[in-house]
Amino acid sequence: MTSPRILIVRLSAIGDTVLSIPVLCALRDHFPHATIGWIVERTSAPMLRGHADLNHLIEVPRGWLKSPRVVWNTVRRLRSIGFDVTLDLQGLTKSSITARLSGARRRLGFTKSDFEGREFSTWINNELVAPTAEHVVERSLELLQPLGIHRPAANFRMPVYEESEAAVVRFIVERGIGAGYAVINTGAGWPSKLWPPERYAAVAAYLGKTRCVPTVVLWSGQQERLVADQIVARAGGYAHLAPQTSLTEVACLARRARLFIGSDTGPLHIAVAVGTPSIGLYGPMPASRCGPYGPKHIALQNAKLPGKLKNRRTADNTTMLAIGVDEVCRAGDDILARPGSSPVIPAPHFRSSVRAK
């Protein structure tokens, strides 16, 4: 099998989609002539558009299986490509049905566990792998074993989003933070993953006062904007409110930062994927499973929340409150004191990095 046609099925969410990208890279490294597709919901699709290792990106709306017209059009497209193999990285009924609809004879999925192989996926996928690794990146890579790929390196090879780069550079130049900055992401998909804004503000003030590193505060939606405003107001002049940003602009802003701080959510994993040293704040989900992946990052977790995903999702943020400001500041000191910790592109080169339109 030198030129297989392989479909990755990871429909959502943003962070999980990003954490699945090493599977794409490993497939391309092992099968350089393969035809590789990925079916994903449109919310997460921007992270995959333009990826050099991907031949086909099939974007579907949320809840697409409820629309006969969308299902018909999607199935026609999938089957026109003629996939031989599917990789169900999500392990849910909807993802395994998607794999089945592709027409592929080999449908790889996970055996049943707390996080993988859930619902009816083990009945629909026909080659099941029992993961043994702890981190979700390595567990996903284990799904490649039936294809003869064992213990591949985890690479992301994120695209360069040129239009977003230009917008981010303009913001950095306007704010005068080209000498280096940190990024804080305040939001999270679950209330149980939120860390208090006054603590983020204290961290931003510390980085500004002791490290001369200003902070850019990300937000998405009106509620997060209010929280970001609080952080900026309390940070003593050391924090800047980010403009409203797309996912690709988040990636570009993070790529140029010296440090990224946030809880277990999409922007944190985007920062990791583009290579920015990151501090992950963890409570309801185990950092050993879904912490920022790789040795350059730091995961902080002082309390764990047992139980099923539904219980973790609906809990309060008590486990997050176990993380203190001092711990985050010390982690920031650790990262910023490392050799080579400096802006990705010095200020004098910003304007020349924007291509003329």
Side-chain angles (χ1 to χ4, degrees), residues 14-26 29 47 51 133-141 151-161 165 168 172 177-185 188 193 195 200 203-204 206-207 210-216 218 247-248 250-283 285-302 323 326-346:
I14 295 167
D16 292 327
T17 298
V18 172
L19 288 170
S20 301
I21 290 175
V23 170
L24 167 63
C25 296
D29 290 341
M47 290 294 91
H51 199 292
E134 193 164 18
H135 198 281
V136 65
V137 168
E138 295 172 358
R139 291 172 78 87
S140 295
L141 289 170
R151 302 181 67 85
N155 298 305
F156 291 91
R157 298 200 283 264
M158 299 296 282
V160 174
Y161 312 100
E165 283 281 344
V168 166
I172 292 171
I177 54 175
Y181 58 90
V183 174
I184 281 176
N185 181 63
K193 294 181 179 182
W195 204 52
Y200 277 122
V203 172
Y206 175 83
L207 294 175
T210 65
R211 291 286 178 177
C212 297
V213 175
T215 296
V216 176
L218 292 175
L247 288 180
T248 53
V250 169
C252 297
L253 191 63
R255 198 193 300 266
R256 294 173 179 274
R258 297 178 65 184
L259 171 66
F260 190 100
I261 304 169
S263 62
D264 175 24
T265 191
L268 171 69
H269 298 298
I270 290 172
V272 171
V274 299
T276 302
S278 300
I279 301 171
L281 313 182
Y282 281 75
M285 291 293 287
S288 57
R289 172 183 167 78
C290 48
Y293 186 75
K296 67 163 65 174
H297 314 292
I298 297 173
L300 299 176
Q301 183 167 38
N302 294 327
I323 302 171
D326 289 348
E327 293 176 88
V328 181
C329 292
R330 286 196 299 270
D333 283 338
D334 182 350
I335 289 175
L336 293 173
R338 293 173 186 172
S341 174
S342 60
V344 176
I345 298 182

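As the structure is a computational prediction, the values presented were derived from the model and not from experiment.
Among residues two or more places apart in sequence or in another chain, the salt bridge (Lys or Arg N to Asp or Glu O under 4.0 Å) test is passed with Asp334 by Arg338. With sequence neighbours excluded, the residues forming a side-chain contact (heavy atoms from CB on, under 4.5 Å) with Ala204 are Ile184, Thr215, Ala235, Ala239, listed by chain and number. Shown here are the side-chain contact (heavy atoms from CB on, under 4.5 Å) partners of Glu327, two or more places apart in sequence or in another chain: Leu300, Asn302, Ile323, Arg330. Among residues two or more places apart in sequence or in another chain, the side-chain contact (heavy atoms from CB on, under 4.5 Å) test is passed with Ala26 by Leu141, Leu144, Pro152. Partners of Thr17 by side-chain contact (heavy atoms from CB on, under 4.5 Å), not counting sequence neighbours, listed by chain and number: Arg10, Trp38, Val40, Ser44, Leu48.
Annotation: side chain to side chain donor-acceptor pair (under 3.5 Å) contacts involving residues 269-280, sequence neighbours excluded, comprise Asp264-His269.
Nearest approach of Val274 to Ala251, heavy atoms of both residues: CG2-O, 3.9 Å. Ala257 and Val183 get closest at one heavy-atom pair: CB-CG2, 3.8 Å. Ala188 and Ser263 get closest at one heavy-atom pair: CB-OG, 3.6 Å. Between Pro159 and Arg255, the shortest heavy-atom distance links the atoms O-NH2, 2.7 Å. Ala182 and Leu207 make their closest contact through CB-CD1, 4.0 Å (heavy atoms, listed as atom of the first residue, atom of the second, distance).
The shortest distance between side-chain heavy atoms of Tyr282 and Pro292 falls below 4.5 Å. Between Phe260 and Pro277 there is no side-chain heavy-atom pair separated by less than 4.5 Å. At least one side-chain heavy atom of Met47 sits less than 4.5 Å from a side-chain heavy atom of Tyr161. At least one side-chain heavy atom of Ile261 sits less than 4.5 Å from a side-chain heavy atom of Val203.
Note that CG of Asn185 and OG1 of Thr265 are 6.0 Å apart. Values are rounded to the nearest 0.5 Å. To the nearest 0.5 Å, atoms NE2 (His51) and CE (Met158) are separated by 6.5 Å. The distance from the CG atom of Leu19 to the CD1 atom of Ile270 is 10.0 Å, given to the nearest 0.5 Å. Remark: Arg258 CZ to Leu336 CG distance equals 5.0 Å, nearest 0.5 Å. The structure places OG1 of Thr210 at 5.5 Å from CG of Asp333, a figure rounded to the nearest 0.5 Å. Residue Tyr206 holds its OH atom at 8.5 Å from CG of Asp326, rounded to the nearest 0.5 Å.
No donor-acceptor distance shorter than 3.5 angstrom exists from the side chain of Glu138 to the backbone of Ala133, with no hydrogens or angles considered. Formation of a donor-acceptor pair under 3.5 Å by the Glu134 side chain with backbone atoms of Arg289 is not found in this model.
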Report the C-alpha distance between Tyr181 and Ile172 in whole Å, list the side-chain angles of each, state the deciding distance to 0.1 Å, and finish with yes or no for side chain to side chain contact (heavy atoms under 4.5 Å, CB included). CA-CA 9 Å; Tyr181 58 90; Ile172 292 171; 3.4 Å; yes
For the pair Asp29 and Arg157, evaluate side chain to side chain contact (heavy atoms under 4.5 Å, CB included) and give the outcome as yes or no after the intermediate values. CA-CA 12 Å; Asp29 290 341; Arg157 298 200 283 264; 3.0 Å; yes
Worked check of side chain to side chain contact (heavy atoms under 4.5 Å, CB included) between Leu253 and Leu218: CA-CA 10 Å; Leu253 191 63; Leu218 292 175; 3.6 Å; yes
Under the side chain to side chain contact (heavy atoms under 4.5 Å, CB included) criterion, do Val18 and Tyr293 qualify, and how do the steps go? CA-CA 11 Å; Val18 172; Tyr293 186 75; over 6 Å; no
